[in-house]
Number of protein chains: 2
Amino acid sequence: MSLLDIFKRRASAPVARERLQVLLAYERNNRDQPDLVAVLREEIMAVIAKHVQVNQDDVRITMDRGKTTSTLEIDINIPNAGAAASTAL
Amino acid sequence: MSLLDIFKRRASAPVARERLQVLLAYERNNRDQPDLVAVLREEIMAVIAKHVQVNQDDVRITMDRGKTTSTLEIDINIPNAGAAASTAL
């Protein structure tokens, strides 16, 4: 299976809020190597949290470890700053 | 355009070496907001470089800033540790 086949997914319904999506795929030849994706997951989440106020309920993380390919999907709905400001008026 | 349509790409030829791919998409409603993807690009690259020996020649970065959607693709070919070891024998 090609790495890019993983991303051939059906389109989801449009979301009203802003959305950040991280798709990470690691295709390895050496099965003895540790799963880099698991390590990167935590660190990339930390990087995002520095810039975006992330609500745990608005984060969906899907991880799939195969024999030679690991994939990670981080899907974050971000409260729209503009919408929040107009509510405050 | 849906966020996921971006990832409907044709499969590339298989690569001999290990491969790490990061696809990042940001769909924003507020055009006045700064481009989060540009900021995350540098920090995610730094995170990866902590764990993987990244050769500049083996990194391909594609960035696309649209009016409401920005996308970033980081494609890294990683020298296979196993192959390097067998060469040293």
Side-chain angles (χ1 to χ4, degrees), chain A residues 1-48 50-52 68-86, chain B residues 1-48 50-52 68-86:
Chain A
M1 183 178 69
S2 161
L3 201 62
L4 285 168
D5 289 339
I6 295 156
F7 302 118
K8 289 180 181 169
R9 311 268 292 271
R10 68 186 186 289
S12 61
V15 291
R17 301 204 289 177
E18 305 198 352
R19 186 177 171 198
L20 176 69
Q21 185 172 51
V22 182
L23 296 170
L24 199 144
Y26 178 41
E27 200 171 79
R28 61 192 187 282
N29 294 323
N30 186 350
R31 275 192 280 175
D32 298 331
Q33 276 191 286
D35 196 339
L36 180 65
V37 171
V39 178
L40 292 179
R41 171 191 156 164
E42 294 304 317
E43 302 201 7
I44 288 176
M45 277 302 292
V47 160
I48 292 168
K50 277 200 294 179
H51 300 284
V52 179
T68 57
T69 305
S70 294
T71 58
L72 169 74
E73 181 175 346
I74 304 173
D75 225 317
I76 304 171
N77 281 322
I78 305 166
N80 187 342
S86 60
Chain B
M1 183 178 69
S2 160
L3 201 63
L4 286 167
D5 289 339
I6 294 155
F7 303 118
K8 288 181 180 167
R9 310 269 291 272
R10 69 185 186 288
S12 62
V15 290
R17 302 204 289 176
E18 305 198 353
R19 185 178 172 199
L20 177 69
Q21 186 172 50
V22 182
L23 296 170
L24 198 145
Y26 178 41
E27 200 171 79
R28 63 191 185 284
N29 294 322
N30 185 350
R31 274 193 279 176
D32 298 331
Q33 277 192 283
D35 197 338
L36 181 65
V37 171
V39 178
L40 291 179
R41 171 191 157 164
E42 293 304 317
E43 301 201 7
I44 289 177
M45 276 302 293
V47 161
I48 292 168
K50 278 201 294 181
H51 301 283
V52 178
T68 57
T69 306
S70 294
T71 58
L72 170 74
E73 181 176 345
I74 303 173
D75 226 317
I76 303 171
N77 281 322
I78 305 167
N80 187 342
S86 60

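Chain identifiers are assigned alphabetically (A, B, ...) following the order of the sequence lines, protein sequences preceding nucleic acid strands; residue numbering begins at 1 within each chain.
If you measure heavy-atom distances from A:Val47 to chain B, the contacts under 4.5 Å come from both the backbone and the side chain. Neither the backbone nor the side chain of A:Val37 comes within contact range of chain B; no heavy atoms are under 4.5 Å apart.
The salt bridge (Lys or Arg N to Asp or Glu O under 4.0 Å) contacts involving residues 35-48 of chain A comprise A:Asp35-A:Arg65, A:Glu43-B:Lys50, where partners must be two or more places apart or lie in separate chains.
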| said: Checking A:Ile48 against B:Ile44 for the side-chain contact (heavy atoms from CB on, under 4.5 Å) test, could you report, in this order, the C-alpha distance in whole Å, the side-chain angles of both residues, the deciding distance, and whether it holds? | reply: CA-CA 9 Å; A:Ile48 292 168; B:Ile44 289 177; 5.6 Å; no
| field | Pair A:Val22-B:Leu23, side-chain contact (heavy atoms from CB on, under 4.5 Å): steps then yes or no | value | CA-CA 6 Å; A:Val22 182; B:Leu23 296 170; over 6 Å; no
| Residue pair A:Leu24, B:Gln21: steps toward the side-chain contact (heavy atoms from CB on, under 4.5 Å) verdict | CA-CA 6 Å; A:Leu24 199 144; B:Gln21 186 172 50; over 6 Å; no
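If you take CZ on A:Arg19 and CG on B:Asn29, they are separated by 12.0 Å, rounding to the nearest 0.5 Å.
Using a 3.5 Å distance cut-off with no hydrogens or angles, the side chains of A:Glu18 and B:Tyr26 do pair a donor with an acceptor.
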